[in-house]
Amino acid sequence: MKRLEKQFYEQPTLELAEQLLGKIFVRMLPGNIRLTARIVETEAYLGQDDEACHAWRGKTARNQIMFRAPGTMYVYFTYGCHYLLNIVSEPEESAGAVLVRAMEPLEGLAFMEGQRGTSSLTNLMSGPGKLAQALALDSRCNGKDLFGDEFFLENAPPLPASMIGTSTRVGISKSRELPWRKFMINNPHVSKGKVTRM
DNA sequence: AGCGTGATCTTT
DNA sequence: AAGATCACGCTG
């Protein structure tokens, strides 16, 4: 499949959160190891009117990446042990990003199993911290874009609306009412603990 | 259901 | 300088 170009990321954050479902995330590792996985769960975060967004009060040292060009990776560290992967949206100098919450592992399973310390397929990437660990994402990835030879997305047909579920976001204490979580209905790799079907 | 673990942000 | 919070995951 063709790689997704800059233009794909230049759509409103909420639409991007939906359009990312089904797309294939690729990481190339030294030794020609190819890690790939299908995105099955996302959440939208917007600078303004969204108190759960890191950037809702403006630019800081941590969140400045969210103000960069669409298609940039925002990877941050939280709870003392987890990295979380976001894909930056919205034009440069306005903050927005889509949190990638779950993926379905496809290629490079042995590497991912080693990273995660399990061989249970549905436990490899069924959460934002898990998928970052499976793909060995860390702060060195923060600020890199998805247009190079190491990280990129491959295109896939858009999901039919009947396969897309919507709910409120997971694990936040502010702006809890916003229905900005999107997921692939009945996919076993969607994170546990909230609605996975409709 | 409880808690680790450390960076970040807010308040003093 | 100190305190609170945290877009989580694992054990029990």
Side-chain angles (χ1 to χ4, degrees), chain A residues 9 12-21 25 37 39-68 70-90 94-105 112-144 146 165-184 187-196:
Chain A
Y9 302 90
T13 303
L14 204 46
E15 291 175 29
L16 184 63
E18 268 195 43
Q19 290 297 314
L20 281 169
L21 295 176
F25 183 90
I39 298 175
V40 299
E41 180 181 351
T42 60
E43 281 177 0
Y45 286 86
L46 264 179
Q48 51 185 29
D49 302 325
D50 178 8
E51 291 189 48
C53 178
H54 288 169
W56 75 284
R57 288 211 228 217
K59 201 182 277 191
T60 68
R62 175 175 70 162
N63 69 28
Q64 50 159 324
I65 301 297
M66 288 186 81
F67 293 81
R68 300 258 286 261
T72 303
M73 294 194 291
Y74 171 44
V75 178
Y76 72 92
F77 184 68
T78 190
Y79 287 106
C81 36
H82 305 296
Y83 291 95
L84 272 62
L85 168 67
N86 296 254
I87 297 174
V88 173
S89 59
E90 302 296 320
S94 31
V98 175
L99 170 67
V100 182
R101 284 196 54 87
M103 294 180 178
E104 174 178 345
M112 296 179 188
E113 288 168 2
Q115 285 291 300
R116 290 278 302 128
T118 176
S119 55
S120 159
L121 272 190
T122 52
N123 198 21
L124 283 188
M125 309 182 96
S126 53
K130 296 180 188 180
L131 72 87
Q133 187 181 28
L135 293 166
L137 302 176
D138 58 30
S139 48
R140 295 192 302 269
C141 311
N142 190 32
K144 293 193 176 175
L146 292 166
T166 297
S167 81
T168 54
R169 296 173 294 182
V170 177
I172 54 171
S173 59
K174 299 179 178 175
S175 299
R176 299 187 64 154
E177 70 286 354
L178 298 173
W180 286 1
R181 172 173 175 255
K182 301 285 173 183
F183 58 93
M184 195 180 293
N187 185 292
H189 299 89
V190 169
S191 68
K192 320 298 183 228
K194 209 153 186 171
V195 196
T196 62

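To find a chain, count down the sequence lines: A is the first, B the second, and so on, and within it residues start at 1. Heavy atoms only: backbone and side chains are in, while hydrogens, waters and symmetry mates are out. All figures in this text were calculated on a predicted structure; none of them were measured in a lab.
Partners of A:A102 according to the side-chain contact (heavy atoms from CB on, under 4.5 Å) rule, which considers only residues two or more places apart in sequence or in another chain, are A:V40, A:E41. Annotation: side-chain contact (heavy atoms from CB on, under 4.5 Å) contacts of A:K59 (sequence neighbours excluded): A:N63, A:Q64, A:F67, A:E93. Among residues two or more places apart in sequence or in another chain, the salt bridge (charged side-chain N to carboxylate O under 4.0 Å, His left out) test is passed with A:E18 by A:K182. Applying the side-chain contact (heavy atoms from CB on, under 4.5 Å) criterion to A:S139, with sequence neighbours excluded, gives A:Y83.
Residues A:R181 and A:T168 are not in side-chain contact: their nearest non-hydrogen atoms beyond the backbone lie 4.5 Å or more apart. Contact of the A:Y45 side chain with the A:T13 side chain is not registered, since no non-hydrogen atoms from C-beta on lie closer than 4.5 Å. The side-chain heavy atoms of A:P105 and A:E113, taken from C-beta on, include no pair separated by under 4.5 Å.
Atom CE of A:M73 and atom C1' of C:dA7 are 18 Å apart (whole Å). Rounded to an integer number of Å, the gap from NZ of A:K174 to P of C:dC6 is 6 Å. In this structure, the CD atom of A:E43 is 12 Å from the C1' atom of C:dC8, given to the nearest Å. We find that CD1 of A:I87 is positioned 15 Å from C1' of C:dA7, with the value rounded to whole Å. C:dG9 atom C1' lies 13 Å from atom NZ of A:K192, rounded to whole Å. One can place CD of A:E51 at 15 Å from C1' of C:dA7, the figure rounded to the nearest angstrom. At whole-Å resolution of the value, CE in A:M66 and P in C:dA7 are 11 Å apart. To the nearest angstrom, P of B:dC3 lies 16 Å from NE2 of A:H82.
In DNA chain C, runs of at least 3 stacked Watson-Crick or G-U pairs (N1-N3 plus N6-O4 or O6-N4, or N1-O2 plus O6-N3, all under 3.5 Å) give these stems: B:1-4 with C:8-11, B:6-11 with C:1-6.
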Summarise protein proximity over nucleotides 5-12 of chain B in one line of letters, 5' to 3': B for base, S for sugar-phosphate only, - for none, counting protein heavy atoms closer than 4.0 Å. BB-SSS--
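The phosphate of C:dC6 (OP1 or OP2) has a side-chain N or O of A:S173 nearer than 4.0 angstrom. Note on A:R116: every side-chain N or O is 4.0 Å or more away from OP1 and OP2 of C:dG9.
Between the side chain of A:D138 and the main chain of A:R140, a donor-acceptor pair closer than 3.5 Å is present. In this structure a side-chain-to-backbone donor-acceptor pair under 3.5 Å is present from A:R116 to A:N123.
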